[in-house]
Amino acid sequence: RQLRRNGGGGADGDDSLYPIAVLIDELRNEDVQLRLNSIKKLSTIALALGVERTRTELLPFLTDTIYDEDEVLLALAEQLGNFTMLVGGPEYVHCLLPPLESLATVEETVVRDKAVESLRKISQEHSPVDLEVHFEPLVKRLASGDWFTSRTSACGLFSVCYPRVSSTVKAEIRQHFRTLCSDDTPMVRRAAASKLGEFAKVLELDYVKSDIISLFTALASDEQDSVRLLAVEACVSIATLLPQEDLESLVMPTLRQAAEDKSWRVRYMVADKFSETFVSLQMYLCFNCIHSVLTIWLSDLCLLCPVSEQELVSDTNQHVKSALASVIMGLSTILGKDNTIEHLLPLFLAQLKDECPEVRLNIISNLDCVNEVIGIRQLSQSLLPAIVELAEDAKWRVRLAIIEYMPLLAGQLGVEFFDEKLNTLCMAWLIDHVYAIREAATCNLMKLVEKFGAEWAQNTIVPKVLGMANDPNYLHRMTTLFCINALSEACGQDITTKQMLPVVLKMSNDQVANVRFNVAKSLQKIGPVLDSNALQTEVKPVLEKLATDTDMDVKYFAQEAISGKHFTLINVNKLKMAIIKSEMHFNLLVFTVLVLA
Amino acid sequence: FMRVSTRKCPRPGGDMQWCFSQVKGAIDDDVAEADIISTVEFNHTGELLATGDKGGRVVIFQQEIENKNQPQFRSEYNVYSTFQSHEPEFDYLKSLEIEEKINKIRWLPQKNAAQFLLSTNDKTIKLWKISERDKRPEGYNLKEEDGRYKDPNTITGLRVPVLIPMDLMVEASPRRVFANAHTYHINSISVNSDDETYLSADDLRINLWNLEITDRSFNIVDIKPANMEELTEVITAAEFHPLQCNTFVYSSSKGTIRLCDMRASALCDKHSKLFEEPEDPSNRSFFSEIISSISDVKFSHNGRYMMTRDYLSVKIWDLNMENRPVETYQVHEYLRSKLCSLYENDCIFDKFECCWNGDDSVVMTGSYNNFFRMFDRGQRRDMTLEASRENSKPMQVLKPRKVCAGGKRKKDEISVDSLDFNKKILHTAWHPQDNIIAVATTNNLYIFQDKVN
């Protein structure tokens with residue numbers, strides 16, 4: 001700012017006016033940021049001007065500033081919602097209507113919405129008389145405006161003035177709302193549809209039945225998809241207002257129709273709102289439509305799945321899926337055992353056979369909810385093929401996901417079923433060609449042992465794991481070590497000392513250095529589980545031998561194990577990783593430079 | 001559901017004559033590349049007419065307020081606003097220059113006192129607001145109107161600025177920029193009847209945008225094959241149905257038009273209708289595929305028909321009949337024997353556009369030698385007119401032209417060999433209600449109207 005204040009007293013000017021003068025001048029500064037600052041301090045300006053000049057000078061000026069940038073207008077719309085006291089209290093609150101009216105017609109939705117929000121706020125500060133004299137005419141003007149921006153804004157104002165006006169004016173308001181519901185432009189019909197529920201709530205029940213239901217029916221069968229789907233949302237509010245006996249005849253046909261709409265967007269909206277609506281509609285009414293509706297949705301899911309590769313569309317897709325999953329899961333608890341078996345079970349089974357792995361996984365991952373209601377055994381026959389297929393899916397992330405549900409499934413299916421059907425899968429994962437799968441499989445074994453106990457482990461898992469120690473592939477031999485690391489604690493001292501330790505010790509002679517230093521690490525890991533005798537007589541000599549190994553790493557880890565510095569070890573590992581990583585980065589950098597060159 | 005049309009449209013054809021109204025643009029024969037008009041579009045009322053050019057500029061003309069005493073001047077359009085919509089850019093990642101040329105302009109339905117349009121070059125779509133201002137604020141506290149600062153010590157009271165009338169000022173401001181969604185060149189944009197979405201099409205993909213959201217769009221058609229060597233066709237144009245928000249069509253370089261229903265699924269790779277006319281084996285030649293490529297597709301106002309333009313003809317399709325067009329009009333059949341030389345001078349790849357009149361009874365499209373053609377669908381009559389400086393006296397009636405296809409040339413006929421292929425009319429537009437047309441020659445915009453008797 002070029003201008004500096006002259007400090008000294010004795011001048012003619014009023015010192016206190018200076019900051020306000022700056023603020024007022026900056027209302028029309030070329031810099032948007034300064035204008036914005038000034039608008040945000042509008043209350044300071046108004047306070048300095050006094051209520052009279054605020055009403056007669058400031059507000060008329062603001063009414064005509066709708067040329068400004070959106071952010072300035074947004075701030076202005078917000079400020080005016082809190083301006084009642086600054087124009088002289090509720091008695092004069094109607095002076096705020098002209099600037100807010102012009103803001104309610106600008107093209108930016110955020111600004112219009114804020115203006116409507118402020119109008120709704122100050123409507124409460126109008127006396128009943130002022131509401132009819134000033135506010136309601138404004139609503140009418142907006143509702144019959146030439147441009148659809150003003151008519152969309154009107155839709156949000158009916159519900160705030162309706163309860164407080166005379167019955168004649170009420171009739172007019174209802175008429176205006178009806179007109180807007182059949183407006184030429186979809187924008188306005190969308191606005192009306194989105195406010196339908198809210199408006200219904202302030203209407204007398206008779207009018208809800210006579211007016212709102214017909215409007216709801218009309219909007220729900222609008223030619224524009226975007227209008228129909230908003231009408232569905234209103235269903236929730238309307239349903240809560242009507243007595244039980246009217247729901248079936250007044251709301252259900254429309255809802256049913258929406259659920260079977262040709263447009264997937266509308267069906268999605270119904271799916272999304274289904275739980276809410278369902279509760280308010282009382283389930284018994286819906287039984288006759290549940291099945292057909294959900295079946296359509298299931299086919300939707302299959303339809304949408306191929307799209308999932310499209311990054312931009314996957315968003316919608318995931319929404320539909322989660323909406324559906326939550327509906328089904330929510331339903332099983334609401335419906336109870338018998339109904340779930342009758343209505344939902346076929347759907348689960350169908351979904352388990354879906355060609356898209358994500359869908360199947362989605363159902364399996366939510367099994368615990370169903371299990372609470374009907375028990376998982378109902379599903380087991382269909383579950384198995386689905387699990388097997390997922391377990392062998394070509395995408396390793398799918399395989400990884402199903403592994404994570406194994407402990408849950410095992411717990412619910414029971415040990416017998418598991419041994420019979422799933423055990424081989426779990427073992428197969430141990431020799432997967434992707435490390436992440438082998439790692440997860442190891443972890444999975446540990447959780448299974450925690451669930452089924454050491455004895456089970458000794459009979460089923462341990463022999464298979466130890467068998468892998470003789471595998472020609474050193475990666476599989478290392479997997480044996482990783483499994484032992486994971487299982488030793490859960491299996492206990494006896495099994496670890498008698499069965500696992502000999503295998504580990506034998507592997508210390510492995511020709512691959514990686515196996516040998518992992519032996520050292522394993523010995524350190526299982527050390528606490530072993531008794532001191534075994535440690536002294538068996539473990540120590542082997543570690544000492546490894547400490548003289550020709551390989552540097554083997555030597556290092558053997559020494560680490562001997563000194564038992566577990567924490568250092570982790571740090572060194574981390575350091576090693578960091579070095580490897582930075583090398584990779586460097587290589588990448590070199591590569592990039594070469595490519596660019 | 002049909003919207004009730006209140007259009008009053010005098011039927012053209014018959015005795016209707018077209019006369020010259022205005023010509024815009026420089027008279028020089030020396031044409032600057034940047035001045036070449038690349039698109040012409042009336043708004044929904046016909047009150048405004050926008051052109052885009054290769055220099056990235058948009059010029060908007062406004063129709064003069066109708067003068068009841070001089071109805072012959074009702075088509076006077078004068079410059080309302082001019083602005084630079086796109087600038088040349090350089091894509092550093094791909095080492096590609098991005099031209100500023102405006103490929104398409106589409107007006108939005110009017111939402112308030114301001115006007116809005118979408119303009120696009122090869123890569124980026126912009127939403128522009130064109131608004132009027134006739135008041136300006138006056139009165140500062142700390143300075144004079146001319147900008148001189150006052151002595152702050154003299155401030156004894158506060159002054160709130162007031163708005164005073166001023167000369168009308170038209171401002172164009174960019175409201176949204178829809179970028180980074182197209183790998184290939186954008187050939188079409190089309191606003192949906194739901195007033196909240198629009199589509200943009202490039203050679204291989206069509207995206208759906210919300211007019212208020214710039215950071216994401218939905219890919220609704222993707223014909224890019226996994227292996228680009230298998231590419232056999234590209235998208236040449238796309239348009240939304242004027243009334244059904246879920247329906248759109250796109251045309252291909254193989255001469256087919258696909259109609260898609262967005263209700264069926266989010267990705268419309270599977271069309272619901274395929275419009276294709278079996279090829280006439282007797283006309284089969286090396287150029288068959290090139291000349292069957294569709295350069296433009298336009299729905300009729302009532303949504304019942306669509307029109308496609310290929311190199312030699314205009315076809316009208318009934319949306320309910322996929323196997324052949326209901327009408328076919330030859331635009332310049334006499335060029336069939338010239339295809340070889342048209343291939344050599346690249347003219348065969350020219351992308352002619354086409355348009356409907358207000359009540360869908362007449363269609364118009366351009367040709368060479370600054371000729372343009374009109375086909376009256378009801379009376380099955382056609383007309384060739386010329387946009388030229390020679391016929392540019394006010395209200396001068398345009399004389400129909402005739403090209404001699406061979407044999408003996410009659411008086412007033414032009415020989416095919418003397419046609420100037422550098423003078424081409426690619427872009428034309430018809431006023432949505434009245435018989436006023438805008439025809440773009442290289443760098444001039446001609447406005448013609450029917451003769452009022």
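Just the heavy atoms: all of them, side chains too, but no hydrogens, waters or symmetry mates, feed the values below. So you know, we letter chains A, B, ... as the sequences are listed, proteins then strands, and number each from 1.
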When the 4.5 angstrom heavy-atom criterion is applied to A/Arg53 and chain B, the contacting part is side chain
task: Please indicate whether B/Phe90 has more than 12 foreign heavy atoms, meaning atoms of other residues, nucleotides or ligands, lying under 6.0 Å from its CZ.
output: yes
inquiry  = The test is salt bridge (charged side-chain N to carboxylate O under 4.0 Å, His left out); show your working for A/Asp261 and B/Arg263 and say whether it passes.
reply    = CA-CA 9 Å; A/Asp261 197 286; B/Arg263 290 175 300 186; over 6 Å; no
Tell me whether B/Asp91 at atom CG has more than 12 heavy atoms from other residues, nucleotides or ligands lying less than 6.0 Å away.
yes
- Query: A/Glu108 and B/Lys111: salt bridge (charged side-chain N to carboxylate O under 4.0 Å, His left out), yes or no, with the steps?
  - Reply: CA-CA 10 Å; A/Glu108 269 322 310; B/Lys111 53 177 90 173; over 6 Å; no
One pair to check against salt bridge (charged side-chain N to carboxylate O under 4.0 Å, His left out): B/Lys135 and A/Asp64. What are the steps and the verdict?
CA-CA 8 Å; B/Lys135 285 180 193 158; A/Asp64 280 329; 3.4 Å; yes
Is any side-chain heavy atom of A/Asp225 closer than 4.5 Å to one of B/Cys245?
yes
- Query: Can you check side chain to side chain contact (heavy atoms under 4.5 Å, CB included) on B/Gln110 and A/Asp146, steps first, answer last?
  - Reply: CA-CA 10 Å; B/Gln110 197 167 3; A/Asp146 280 344; over 6 Å; no
Turns out that what part of B/Glu196 lies under 4.5 Å from chain A's heavy atoms comes down to both
Answer key: most heavy-atom pairs under 4.5 Å with chain A among B/Ser131, B/Gly139, B/Ser173 is B/Gly139
So, the part of A/Arg28 with a heavy atom under 4.5 Å from chain B: the answer is both
All heavy atoms of A/Pro186 vs all of B/Ser193, minimum pair found to be CG-O, 3.1 Å
Side chain proximity check, B/Val162 to A/Phe61, heavy atoms < 4.5 angstrom
no
Walk me through whether A/Tyr18 and B/Leu142 qualify under side chain to side chain contact (heavy atoms under 4.5 Å, CB included). CA-CA 9 Å; A/Tyr18 181 79; B/Leu142 301 174; 3.9 Å; yes
Could you check if a side-chain atom of B/Asp194 sits within less than 4.5 angstrom of a side-chain atom of A/Arg190, using non-hydrogen atoms only?
yes
The complete set of ring pair (Phe, Tyr, Trp, His ring centres under 6.0 Å) pairs with one or both residues in residues 151-179 of chain B, sequence neighbours excluded, reads B/Phe178-B/Tyr198, B/Phe178-B/Trp209
Which of A/Ile20, A/Val22, A/Ile24 passes side-chain contact (heavy atoms from CB on, under 4.5 Å) with B/Asn141? Answer is A/Ile24
If one checks every heavy atom of B/Arg136 against chain A at 4.5 Å, the contacting part turns out to be neither
In this structure, CD of A/Gln224 is separated from CG of B/Asn246 (nearest 0.5 Å) by 8.0 Å
Distance col, row A/Thr152:OG1 vs B/Asp195:CG, nearest 0.5 angstrom, shows 11.0 Å
Closest non-hydrogen contact found for A/Leu49 with B/Val160 is CD1-CG2, 3.6 Å
Interatomic distance, OH@B/Tyr140 vs CG@A/Asn29, rounded to 0.5 Å, equals 7.0 Å
Item to check | Note, A/Glu223 side chain near B/Gln244 side chain (heavy atom, < 4.5 Å) | outcome: no
The interface call for B/Arg159 against chain A, heavy-atom contacts under 4.5 Å, is backbone
Residues at least two apart in sequence or cross-chain that pass side chain to side chain donor-acceptor pair (under 3.5 Å) with A/Ser38, listed by chain then number, are none
Quiz prompt | Side chain A/Arg265, main chain B/Met262, donor-acceptor under 3.5 Å | solution = no
Cut-off 4.5 Å, heavy atoms of chain B, and the answer for A/Thr109 is both
OG (A/Ser150) and CG (B/Asn112) are apart, to the nearest 0.5 Å, by 9.5 Å
Q.
Determine whether a donor-acceptor pair (N or O, by modelled atom type, separation under 3.5 Å) exists between the side chain of B/Glu212 and the backbone of A/Val110.
A. no
